[in-house]
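In listed order, ligands and their atoms are each counted from 1.
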Amino acid sequence: MAKKTSRQYVCRACGAVHAKWAGQCDACQEWNTLEEMAVEPLAASSASSRAGKGRRVQLHGLGGKVELPPRTGTGIAELDRVLGGGLVPASVVLVGGDPGIGKSTLLLQAASRLAGKGERVLYISGEEAVDQIRLRAIRLGVVESSLDLAASINVADIVATLEAEPDVKVVVIDSIQTMWLETVDSAPGTVSQVRACAFELIRAAKRRGFSLILVGHVTKEGALAGPRVLEHMVDAVMYFEGDRGHQFRILRAAKNRYGATDEIGVFAMTDRGLEEVSNPSALFLAERRGNIAGSAVFAGLEGSRPVLLEVQALLSPKGGDGAPRRAVVGWDSGRLAMLLAVLETRCGLKLSGMDVYLNVAGGLRVVEPAADLAVAAALVSAASGVPTSPGAVYFGEVGLSGEVRQVPQADARLKEAAKLGFTQAVLPRRIARGSARSRPPEGMSLLELGHISDLVGPDVEAE
Ligand code: TYD
Ligand code: MG
């Protein structure tokens with residue numbers, strides 16, 4: 001039987017596989033991102049022809065003893081938190097993010113901390129020469145470390161080096177898009193190369209038991225295959241986010257076979273590299289100016305950690321004949337549209353003639369529906385010109401009929417607010433039955449709302 005090499009088309013941006021080429025990817029709607037890839041007939045055919053020779057696999061009971069994987073702490077607590085407690089041997093972590101966001105900086109800092117603890121660590125860069133990495137290390141103040149550096153893009157050479165260095169515990173590859181395998185007939189950064197190189201490196205990690213950290217650039221232009229094409233191959237995926245104009249950087253786990261996926265690590269980019277931010281609320285609120293209409297503090301939750309953020313809203317009369325502007329930074333624009341509609345319909349606030357600008361200060365992106373109440377408070381305050389109480393925090397989800405709904409972990413949010421000196425919390429009304437809320441922290445008064453119209457005073461009306 002003749003072996004047929006079939007072809008498939010993989011999207012560089014999202015990794016979706018298509019049977020036919022098309023100008024636009026169905027899955028992510030990006031244009032010109034489909035790339036042809038030969039399907040390896042080898043694996044499938046050899047497996048089926050040797051099917052008769054398979055060995056019986058060992059079966060285990062579900063109730064057996066669990067051995068937690070040993071972990072190596074990186075010495076950077078915010079990174080360890082997102083990893084789920086540290087690096088697991090033979091695991092593969094993909095760190096994605098926009099170019100220039102600080103991936104190399106973070107990993108060089110982590111690698112040198114690990115090396116400083118006596119682990120054998122290899123930092124392999126395909127982007128920078130060894131001298132450039134050394135210069136960066138001088139700037140970061142980590143020169144004394146016993147970290148091993150290499151500049152290479154050749155995966156075969158890298159794997160050969162790793163074979164010859166059996167005591168290596170951690171390997172950083174910066175970045176996977178620069179890596180190259182001679183046997184694959186396409187340029188670095190293409191889906192075929194990125195996948196094949198990652199596959200080789202992952203195999204080496206599993207075989208030799210070192211932890212592998214792959215850096216992957218997220219590219220909007222679609223010139224390189226993005227980290228999405230590797231997400232299913234690795235054990236953990238974390239994205240390094242932030243606004244380049246801001247100091248803050250957030251490391252967020254998108255997938256983690258060895259830990260929770262909703263944890264975040266918060267860093268600040270300084271002239272001496274990334275500094276850990278162990279108390280993000282204080283930092284996010286540091287520049288808040290009291291007594292200004294259109295601002296409200298949201299008591300949010302990022303993973304297991306409560307974080308206080310300032311939500312800012314600005315309304316201005318609509319310019320021109322077109323539809324009014326709705327500009328959102330750090331929140332979902334669909335959710336803003338919903339909330340504006342609820343405020344108009346249920347509370348009589350006239351907002352359709354206004355341009356609305358909404359901003360979550362500090363560059364963090366909020367995804368929790370619990371932010372609804374804080375956003376509503378900021379909008380109502382902007383519309384009325386009356387500042388929200390400087391000592392108040394807000395949290396609660398808002399439904400379409402204007403009802404304020406429960407959100408998880410009210411106690412943790414209240415505790416964080418009290419810790420930062422807030423004295424009042426505006427939150428959903430307790431449901432009579434089955435409510436487990438304990439007493440509020442000392443000095444904190446609660447204002448429980450059942451309906452969003454309770455936020456709106458009688459004289460609030462936007463002109
Ligand atoms: P980098 O780690 O090279 O980003 P990536 O690897 O994600 O592309 O970070 C680059 C940016 O970080 C660059 O714009 C300069 C800035 N930076 C600092 O502000 N302070 C520092 O100590 C370092 C090393 C970089
Ligand atoms: Mg880099």
Asks: Is the shortest distance from a Lys or Arg side-chain nitrogen in Glu128 or Arg134 to a carboxylate oxygen in the other one below 4.0 Å?
Replies: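 The answer is no: the pair does not qualify as a salt bridge.
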Asks: For the 3.5 Å polar cut-off, considering only N or O atoms, please tell me whether Leu140 and ligand 1 meet it.
Replies: no
Asks: Record the part of Asp271 in heavy-atom contact with ligand 1 below 4.0 Å; permitted values are side chain, backbone, both and neither.
Replies: backbone
Asks: Look at Arg257 together with Asp235 and state whether they make a salt bridge at an N to O cut-off of under 4.0 Å.
Replies: yes
Asks: Answer with side chain, backbone, both or neither: which part of Ser104 has a heavy atom less than 4.0 angstrom from an atom of ligand 1?
Replies: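 Near ligand 1, Ser104 shows its backbone as well as its side chain.
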Asks: Using a 4.0 Å heavy-atom threshold (strictly under), name the region of Met269 that reaches ligand 1: side chain, backbone, both or neither.
Replies: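 Side chain only; the backbone of Met269 stays clear of ligand 1.
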Asks: For atom 21 (C) of ligand 1, what is the nearest protein heavy atom, given as residue, atom name and distance?
Replies: Arg139 NH1, 3.3 Å
Asks: Specify whether the nearest protein heavy atom to atom 15 (C) of ligand 1 is under 4.0 angstrom away.
Replies: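 Not a single protein heavy atom is under 4.0 Å away.
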Asks: Can you find a non-hydrogen atom of Thr270 under 4.0 Å from ligand 1?
Replies: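 Per 4.0 Å heavy-atom rule, Thr270 contacts ligand 1.
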Asks: State whether the shortest distance between N or O atoms of Asp174 and N or O atoms of ligand 1 falls below 3.5 angstrom.
Replies: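 So ligand 1 has no N or O lying under 3.5 Å from an N or O of Asp174.
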Asks: For ligand 1, find out whether one of its N or O atoms is nearer than 3.5 Å to an N or O atom of Pro99.
Replies: no
Asks: Under 2.8 Å from the Mg ion (ligand 2), is there any N, O or S atom belonging to Thr105?
Replies: no
Asks: With backbone taken as N, CA, C and O and side chain as the heavy atoms from C-beta onward, which portion of Arg136 lies under 4.0 Å from ligand 1: side chain, backbone, both, or neither?
Replies: side chain
Asks: Need the ligand 1 atom indices (1-based, order shown) with element for anything under 4.0 Å from a heavy-atom of Gly102.
Replies: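 Those of ligand 1 that fall under 4.0 Å from Gly102 are 1 (P), 2 (O), 4 (O), 5 (P), 7 (O), 9 (O).
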